[in-house]
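Written below as C-alpha cells is the structure these notes are about.
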Amino acid sequence: MAANSRCSAAEPPDLETQRREVECLLRDCELRAGDSWFMVDHRWYEQWKEFVESGDQNSSCPGQIDNTELFEDVCSNHLKERLVENEDFVLVPAAAWHKLLSWYGMVDQQPPLERKVVDLPSTLKVEVYPVEIFLCLHGSMENVTMAQFSRTDSIHSIQMAMCRVFSLPPTCECRLWMKSSENNCERLRNVHMSVLDACLSSGMTVIMETRNADGTWPSTRPLILRNSVEEQDSYRGQPGVCGLTNLGNTCFMNSALQCLSNTPPLTEYFLQSIYLEELNFSNPLGMKGEIAEAYADVIKQMWSGHHYSVVPRVFKTKVGHFASQFLGYQQHDSQELLSFLLDGLHEDLNRVKNKEYIELRDAEGRPDQEVAEEAWRNHKRRNDSVIVDTFHGLFKSTLICPQCHKVSVTFDPFCYLSIPLPVSKERVMEVFFISLDPYAKPMQHRVVVPKAGKVLDLCLALSEMTEVPETQMVVADVFKHRFYKIYTPDESLSCILDRDDIFVYECSAQSDQQVLLALYLRERAHYRDYGSVSTTLFGHPLLLSVPRSSCSPEALYQIFLQRLARYVRAPNPSGELEEDEDDDDDEEELYKSQTNGISDDDEQDDAEPTGSSQSEACYADGLANSRHQDPIAPSEVHIRPPPPEEGDVHSMCTGAPKPLCSGDAGPSDGHIHARGEESRAEVAEEGNDEAENEEEPPQSDAIAEDDGKQEEACSPSSPVNEQAAKTRTCRRKKRLFDIQAVNCNGLERETGPNLTLSSQPYVALDWDAEIKKRFYNENEAEKYVKHSSMDVPLQQTTVQLQECIQLFTTVETLEEENPWYCPVCKKHQLATKKLDLWSLPEVLIIHLKRFSYTKFTREKLDTIVDFPLRNLDFSGCLLRKKLSNGEPPSRYDLIAVSNHYGGLRDGHYTSYARNKDNGQWYYFDDSKVTYATEEQIMTNAAYVLFYHRQDKMRKPCVAAPSPSSAICTASSTSKASSMQPPEADVSAATPSCVSAFAELTMETN
Ligand SMILES: [Zn+2]
C-alpha cells in the first residue's frame, strides 16, 4: 500500500509518447495461441486514453490501474459474470500491459488479470472465462471440488486433475461422467476430446468412478441418474412437443430451435428426409452438410414422440465450431443464432453447386416489375434451397443523392425483417440534487430530458423542480468517492449512462470573486509494515464556491466545516481535541470508547514516529488526544437548536457548530451507496454505524453548550472579515482535518503542501481515522430523500406492429458512419434511403429490434408490441401490384415467438409455438414444456415473431388436446413432474402464468 498516493514507481514518459507506444503495440498485435493478454477496466482505460489524448496533466489522470469493478469479490479474485469486452473491460497484449503497469502501477493487492489466447475451432480467442467444473467421486458426491479448465484442455486432463485432487494413482482405471443438470448425466468416453467439444460448461459436474476390486463397476450409471431409457421407450407424446435441455447458457439456442421446429414446411422437409438428396458437401460457404445433418438429428428426435426432452449436444458443438461467437458471453442472442442458422442451413442445402458470377444492374429507370423479377431470378441462380423457398422475400431499396438527385433502385432478398421499435425521444434520468443548504439532505429527482439534449437541459429540468436557477448548477459523475467527470453545460447527455451516479450541485452565483472548489474526503491509514501513511477516499465529494478573498487555510477550514455541518460535529471549543477530559462518569461510554480505541492505538503507536509529511505539532497532539474517550456524556436531546432556515446569514457565516441529528431519518430516507464499494463491506459498515448510533447519545447537550462558548471565543461575524481575530483565538485548536491540494483523483500533487487554488481547484480534507470515527457521522452522511417525482411510475408504452412496419419503410437519411457512394458525384453521400416490401415469403420472420445500440448507449426497449395472432395483412404495404392471377394473398397467422426476458446481459430466452399437427400452443422453457393459451402470447418479451401465410397453412390433422386430456397427460408423467425442473441458466423472470397451467414434460434422455 506504500505506493498508494503516488501515480507510479517509474517516471512515465510524456503523454504523447505513452499514447504512441501503446497504440503501436495494440495495432501490431495479433492473437497467437498461448500468448498472454490482460484485462483492464474499461473505464480506467477510457480515462487513460482521454488523458493522453487531451494532454492535460491535471484534469484526468486515471490514477493507478484499478480493476475492482470487474471482480465479484476482490478477496477470492472471482470475476463478475458476463462481463462484456469493450464495455466492461478491454484486452491489451502483454507488452502494452507491462508498459501501463510500469507507468501507473496497480491498486494494491489486485492480481493482474492475465488471460491466454486459445485456438478454438474457427477462431483464436482470449479466454476471459475459463470453464469452471465441479469434480467429485462417485462414492462421495457430497465432497465437491471446483477446478478451472481451458476449453482446449482434453477430458484426459480433467481425469488427471481429478486423480490429483482425490489422491488416486494416475494409472487407476476409471470412468468419467458428465452431469449437466439434475436429471442428465452422460459418459465421457473419448478422453481425447476437448472440453469445448464435449460441451462441458461452467457449473457442470464431472463424476469419476473407479473399478471395483472384483472387476465390476460401482454402477451401470451413477446413482444420481434416473435411468430414463425404458420410460422413453414407452413414451408416446405429441410429436414436436419436446423440450431441449439447457447445456449451460443455451436458452437462446433452444428458443430459436423451437421456433424453427414449429415452422411446418421446414420441419416436414427434414422429417421426410428430403434434405438427404440436397446436402451440399462442396459449397465453400457451407459447412459441409454438418450443420444440416446435426439440425436434422435434433428435429427427428423432437418429432419422434419418444422424448420428453432432447439434448442438442452435437448440434451445439457444430454451432460452436462454425460460429465461435456463440461460445462467448457477448452475443447470446436468439435472433443472431437464427440468422446464422438459416444462413448455414441454406448453404448446406443449396441446390446450386457452382455459383456463377452475376453482375448486379441498377434499375436505371426500368419498371419495378422488371427489375424485381430480374433480381429474384439472379438471386435464385445462386441461391436455391428450402430456406429460400420458405423464408426469403424481396424488398425494394431506393437511394436518392442529396446533391445530384441521382435515384438508385435495387431489389434485395431478405431472410427476416428487422423492424425498429419507435424509440422515445425523451429520456428519464435519476439524479441527486445537492442544495447549497448544508443541512439539506441530497434529494433524488427523476427528470425527463431530451435524449439528444445537453447537460444544460438536465439543469433546466431540475431547475423547474427546485427553483434553483440552472446557471447555479454543476453536474458531475461521482465514482468511488471522487469526481469521475465534471460536465460543462454544453456537453451531450449521451455521455451519461443510466448506471452513472449523477450529482447536481447547487453553487452560489458564479463571479470572478468566486472560485469553485471540488472537495474530497480522505482518511489517513497507517501501516505498520510500511511505516508510511496513505489515504483512502470516503464519503461523497462536494462542489462549492468560495470567495477568493477567504482562501486562507483557516477561513477555508471554517467554510468546509460549515458545509459538512449536517454530518460533521464541530469540536467543542473548550478544547475537546486538545485537552484531556475527565468526563468519565458514564461507564458504558468509557468502556465503549476504549474498545473502539484498542486496535487503532496499537497501529498508531507504531505509525506515529514516521507520520505523514503534513503532520505538524498539533496533528501529533491530536493523535495523542484521540485516544481519550469521547467526552460527551449521554444526556437530554431537547436542547437541540432548531435547524437553520435556508440562507440563514447567521448560520452560514459564523461557522458556529450545529448539532448533528443522528436519529431524524424521515420515512423516505434512504442511503446513497457509493458505487464501486463492496456490498459486503457496506453491510458491515452500516451495521456498525447503526450499532454505534444506538449506543451513542445525541451530542446536542455538549454542543449546545459549546455554541455559546464558541461564539464568545470566535465572535459571531463572518470568518472572512474577522480573519485575524479568529486566527488569534482559534489558532491553538486542533483541526478535524487537514486541507490538502490534490489532483482530480484525490492524489497528492507534486507541488508540495502549499495550497494554490488558482492552479488547482481540487482539495482533500484529510481525516485521522480516530477523529473521523468521533466527528464524522457516516450514517447521516449517506442519507438522502426522494423527491415526489420518484413516486411517479414509469409508463409502459404500447405500439402496434403495423406502426413498426411503417417505421421500417419510412424515409431515412444515412448516418455519417454508413454513407452511400454516389456513382454520379463519385463520392460518398449521406443519401436518403427508403425501403419498401416487394414480395413476402411463405414464412415471415419479424425481428423486433429491442436492443438499441448507439455510440454511447445500449438499451433494451421493453415496449409492448401489439401483434395480431391472426390475419396480419400486408396487402396495404406491399409494393407489388396485384396480378390478375397467381398472386399469393398477403395474410399471415402467427406460429411461433421467441421471447427474451431481462436486461441487456442477464436475459433468459423461451418460446411460444403452435404445434403444426394439433394446432395447440405450447410454452417452451428449455426442457420444460407447458400448455399455453393465445392470451398469454403477447408480452413485452416477444422478440422474434414467426408468421405463416394463410394459403399455405394446413388444418390440424389431430384433435387439439382438451384441458382434461392435458391433466391426464401430466399425471401420466407424474414421476417426471415431481422432479426438480432443470436449473435455468439465469435467474430470469418467467411469466407467472406458467405455473398456472399443467406441466407436460420434464424429462431428459
Ligand atoms: Zn450524387
Side-chain angles (χ1 to χ4, degrees), residues 16 19-20 23-24 26-28 30 46 49-50 52-55 86 285 336 339 343 355-379 381-383 392-423 425 450-454 490-495 805-839 847 849 851-858 877 879:
E16 177 55 22
R19 188 187 61 76
R20 239 191 0 259
E23 207 169 74
C24 264
L26 290 179
R27 205 178 32 236
D28 301 341
E30 287 172 10
E46 285 298 307
K49 260 175 44 191
E50 198 184 308
V52 294
E53 274 159 21
S54 71
N86 295 328
L285 297 173
E336 278 177 47
S339 168
D343 195 48
K355 293 194 178 189
E356 54 184 313
Y357 174 74
I358 296 164
E359 195 169 1
L360 295 173
R361 283 178 64 195
D362 196 85
E364 283 160 353
R366 291 179 292 155
D368 278 355
Q369 185 73 29
E370 183 186 329
V371 185
E373 278 171 12
E374 178 187 87
W376 187 251
R377 243 186 349 262
N378 287 342
H379 179 55
R381 270 158 75 190
R382 292 167 58 83
N383 300 285
H392 282 203
L394 204 60
F395 60 69
K396 177 189 174 184
S397 138
T398 309
L399 286 152
I400 302 175
C401 175
Q403 206 171 332
C404 69
H405 305 291
K406 152 86 182 164
V407 179
S408 165
V409 172
T410 52
F411 285 83
D412 302 301
F414 64 85
C415 194
Y416 52 87
L417 295 180
S418 275
I419 303 283
L421 304 190
V423 178
K425 291 193 167 50
K451 224 171 220 175
K454 295 182 182 309
D490 59 345
E491 276 180 276
S492 166
L493 283 176
S494 60
C495 304
I805 293 169
Q806 272 164 21
L807 259 182
F808 175 76
T809 59
T810 303
V811 178
E812 57 166 17
T813 304
L814 295 181
E815 285 173 20
E816 303 258 3
E817 300 85 45
N818 187 25
W820 172 66
Y821 185 81
C822 173
V824 176
C825 301
K826 304 258 182 270
K827 62 172 182 174
H828 284 97
Q829 296 280 18
L830 299 184
T832 60
K833 182 182 182 181
K834 171 150 173 59
L835 294 176
D836 287 293
L837 298 171
W838 177 261
S839 65
H847 163 224
K849 288 163 86 172
F851 298 102
S852 151
Y853 301 114
T854 68
K855 223 167 172 180
F856 297 105
T857 62
R858 295 157 64 97
C877 54
L879 216 58

Give a yes or no on this: more than 12 heavy atoms of other residues, nucleotides or ligands lie within 6.0 Å of atom [atom1] of [X].
| X | atom1 | result |
| --- | --- | --- |
| E30 | CD | no |
| E815 | CD | no |
| K833 | NZ | no |
| K827 | NZ | no |

Enumerate donor-acceptor pairs with a distance under 3.5 Å from any side-chain N or O in residues 398-409 to protein atoms, sequence neighbours excluded.
unit_1 : atom_1 : unit_2 : atom_2 : d
Q403   : OE1    : Q829   : NE2    : 2.7
S408   : OG     : D362   : OD1    : 2.9

What distance separates [X] [atom1] from [Y] [atom2], expressed to the nearest 0.5 Å?
| X | Y | atom1 | atom2 | value |
| --- | --- | --- | --- | --- |
| E23 | R20 | CD | CZ | 9.5 Å |
| L835 | L879 | CG | CG | 11.5 Å |
| I419 | L807 | CD1 | CG | 9.0 Å |
| E46 | N86 | CD | CG | 8.5 Å |
| H392 | H379 | NE2 | NE2 | 5.0 Å |
| R381 | K355 | CZ | NZ | 13.5 Å |

Below 4.0 angstrom, N of the basic side chain to O of the carboxylate: do K49 and E53 qualify?
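Salt bridge flag = no for E53 with K49.
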Should the pair E16-R19 be classified as a salt bridge under the 4.0 Å nitrogen-to-oxygen rule?
yes
Matching residue for K396 among D368, T809, D836 - test: side chain to side chain donor-acceptor pair (under 3.5 Å):
D368
Looking only at heavy atoms, what is the nearest atom pair of [X] and [Y], with distance?
| X | Y | value |
| --- | --- | --- |
| L493 | K454 | CG-O, 3.3 Å |
| V811 | K834 | CG2-CD, 3.6 Å |
| Q369 | W838 | OE1-CZ2, 3.5 Å |
| L830 | P819 | CD2-CB, 4.0 Å |

List the atom pairs, donor and acceptor, that lie under 3.5 Å between side-chain atoms in residues 411-418 and the rest of the protein, sequence neighbours left out.
unit_1 : atom_1 : unit_2 : atom_2 : d
D412   : OD2    : T410   : OG1    : 3.4
Y416   : OH     : Q335   : NE2    : 3.3
Y416   : OH     : S339   : OG     : 3.3
S418   : OG     : H847   : ND1    : 2.7

Treating R366 as the side-chain partner and A363 as the backbone partner, does any N or O pair qualify as donor plus acceptor under 3.5 Å?
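Flag set: sc R366 to bb A363 pair under 3.5 Å.
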